[in-house]
Amino acid sequence: DETVFLLQSNTTTDGSTTFSGTGLGDHSATPHTLTATGNTNHATAGAKSGFWDSSFYFDGTGAEKLTITDDYTDFTFASDPYTIELWFYRDALSGNSNYSYLFETRPGSNGYYPAVYIDPNNSLVYYVNSGAQITSGNLSLDTWYHLAIVRNASDVTTMYVNGKAVGSTWTDNNAFV
């Protein structure tokens, strides 16, 4: 079963803080509303993806993030196979103690909530239940990367960077909530 729960396009002007509407919103079958906090905006110059007219820009000076403000039950993966997929570009070490979160579903407590972040060593980390489960090698700054975290039907989770498996696999049959 192939289902897309968030497909965000970015076609807007530089500096815009609008993340919904014609050409801007979630284009999945069950659209979600994104709300920006901090200095989050669209960037049309420099580090844009090549797929859309702009990219999300987080300046790294505070708590910049995009939050799904409506029903997010689509992101409770249960014990099913799933894929978390995104593109990212990091131009400097930034974030809280140089940790930059790319994806997070934790409500503020530990549990079976997946998170993906870049650590101060510029490595990708897939984090679940109080621990790093898969870690990549060091990444370069000023480079676009494609990331996919895939759990298959055999409960084996693999991290792919630019289409290549990195780090060790992790086997679990936990129900993510």
d(Ser136 OG, Asn122 CG) to nearest 0.5 Å is 8.5 Å
Exercise for review: Verify the cluster assignment for Tyr82 and Leu86: are they in a single hydrophobic cluster under the rule of side-chain heavy atoms below 4.5 Å apart?
Suggested key: yes
The side chain to side chain donor-acceptor pair (under 3.5 Å) partners of Tyr145 (sequence neighbours excluded) come to none
Sequence neighbours excluded, the answer for side chain to side chain contact (heavy atoms under 4.5 Å, CB included) partners of Pro81 is Ala153
To the nearest 0.5 Å, atom CZ of Arg90 lies from atom OG of Ser140 at 12.0 Å
Residue pairs passing the salt bridge (charged side-chain N to carboxylate O under 4.0 Å, His left out) test with at least one member in residues 121-149, sequence neighbours excluded, are none
Sequence neighbours excluded, the answer for side chain to side chain contact (heavy atoms under 4.5 Å, CB included) partners of Asn152 is Ser154, Val156
For Gly167 and Ile134, the nearest pair of non-hydrogen atoms, with its separation, is CA-CG2, 4.3 Å
So Phe88 and Ile118, side-chain contact (heavy atoms from CB on, under 4.5 Å) or not? Walk me through it.
-> CA-CA 11 Å; Phe88 69 94; Ile118 306 172; 3.7 Å; yes
Report task. State, with a plain yes or no, whether a side-chain heavy atom of Met159 is found less than 4.5 Å away from one of Gln133. Result -> no
Contacts of Asn138 meeting side chain to side chain donor-acceptor pair (under 3.5 Å) (sequence neighbours excluded), chain-then-number -> Ser123
Separation between OH (Tyr117) and OH (Tyr99), nearest 0.5 Å, reads 5.5 Å
Applying salt bridge (charged side-chain N to carboxylate O under 4.0 Å, His left out) to Asp172 and not counting sequence neighbours gives Arg151
So the salt bridge (charged side-chain N to carboxylate O under 4.0 Å, His left out) pairs with at least one residue in residues 152-164 (sequence neighbours excluded) are none
By side chain to side chain contact (heavy atoms under 4.5 Å, CB included), Val116 pairs with (sequence neighbours left out) Leu102, Phe103, Leu124, Tyr126, Leu147, Ile149
Here the pair of heavy atoms bringing Val128 nearest to Pro114 is CG2-CA, 4.0 Å
Sorted by chain and residue number, the ring-ring contact (aromatic ring centres under 6.0 Å, His included) partners of Tyr160 (sequence neighbours excluded) come out as none
